[in-house]
Amino acid sequence: MKPRSSSSRTGSAIMESKSAACGSVRCKIVHEHSERVIQERRKSLGLGGGSVGGEGTATLESVAKQKKCLDFLDILLTATDEEGKGLTDLEIRNEADTFMFEGHDTTT
């Protein structure tokens, strides 16, 4: 096994690389699609706009009565803190992106 060279990337360099890559056209397309799906699901659950989080009245229990199975997005859309404030669309998109794209790094 070859020893790592001094040119190996550090954690911060990798994060900067990922951040820079996020400005790409492909990343923009993925983000736009995610945002569209979040808005459509929010509307179908009767949760209002969501740009400031927590708008609407659906709870996890009420959504569970409407659907056979709950998914990750349903849980994020209905999650609230102690003050009843929900996640914003950006926070939901970030969580979904982490779930979808960061998890593959650990499987190799």
Side-chain angles (χ1 to χ4, degrees):
M1 181 178 243
K2 292 172 70 175
R4 286 188 163 174
S5 68
S6 60
S7 65
S8 68
R9 293 166 44 155
T10 64
S12 62
I14 291 171
M15 291 304 289
E16 288 173 18
S17 171
K18 285 183 179 180
S19 179
C22 205
S24 72
V25 173
R26 289 180 186 154
C27 195
K28 182 179 177 186
I29 291 169
V30 170
H31 287 321
E32 287 173 352
H33 176 72
S34 296
E35 290 164 0
R36 198 169 35 254
V37 169
I38 290 167
Q39 283 297 317
E40 288 173 5
R41 181 67 63 86
R42 191 180 287 280
K43 187 184 293 184
S44 74
L45 296 176
L47 290 171
S51 60
V52 294
E55 296 178 16
T57 58
T59 63
L60 192 57
E61 292 79 18
S62 66
V63 172
K65 290 178 184 177
Q66 295 175 18
K67 300 176 77 174
K68 212 180 216 186
C69 297
L70 292 175
D71 59 30
F72 182 61
L73 188 54
D74 294 333
I75 293 169
L76 289 175
L77 284 166
T78 57
T80 58
D81 61 13
E82 297 83 20
E83 299 171 359
K85 185 177 178 188
L87 297 169
T88 65
D89 287 352
L90 178 61
E91 291 169 327
I92 292 170
R93 190 193 78 193
N94 289 340
E95 291 295 326
D97 287 351
T98 299
F99 182 78
M100 295 299 295
F101 302 114
E102 299 297 326
H104 83 282
D105 289 340
T106 61
T107 61
T108 56

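These numbers were taken from a predicted model, which means no experiment stands behind them. Starting from 1, each residue takes its place in the sequence as its number.
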Within a strict 4.5 Å, meaning less than it, do heavy atoms of the [X] and [Y] side chains meet?
X	Y	result
R41	I92	no
T80	T59	no
E32	K28	yes

- Partners passing side chain to side chain contact (heavy atoms under 4.5 Å, CB included) against L60 (at least two apart in sequence or in another chain): L70, I75, T78
- Hits for side chain to side chain contact (heavy atoms under 4.5 Å, CB included) against N94, two or more places apart or cross-chain, chain-then-number order -> L90
- Quick one: ring-ring contact (aromatic ring centres under 6.0 Å, His included) pairs with a partner in residues 58-91, sequence neighbours left out? F72-F99
- Query: Which residue pairs pass the ring-ring contact (aromatic ring centres under 6.0 Å, His included) test with at least one member in residues 79-98, sequence neighbours excluded?
  - Reply: none
- Item | With Q66 via side chain to side chain donor-acceptor pair (under 3.5 Å) - residues at least two apart | none
- Residues in side chain to side chain donor-acceptor pair (under 3.5 Å) contact with E35, at least two apart in sequence or another chain: R93
- Distance-minimising heavy-atom pair for L87 and E91: CA-OE1, 3.3 Å
- Message: Rounded to the nearest 0.5 Å, what separates atom CG in D97 from atom SG in C27?
- Response: 7.0 Å
- Query: Hey, what do you get for CG (L76) to CG (D89), rounding to the nearest 0.5 Å?
  - Reply: 11.0 Å
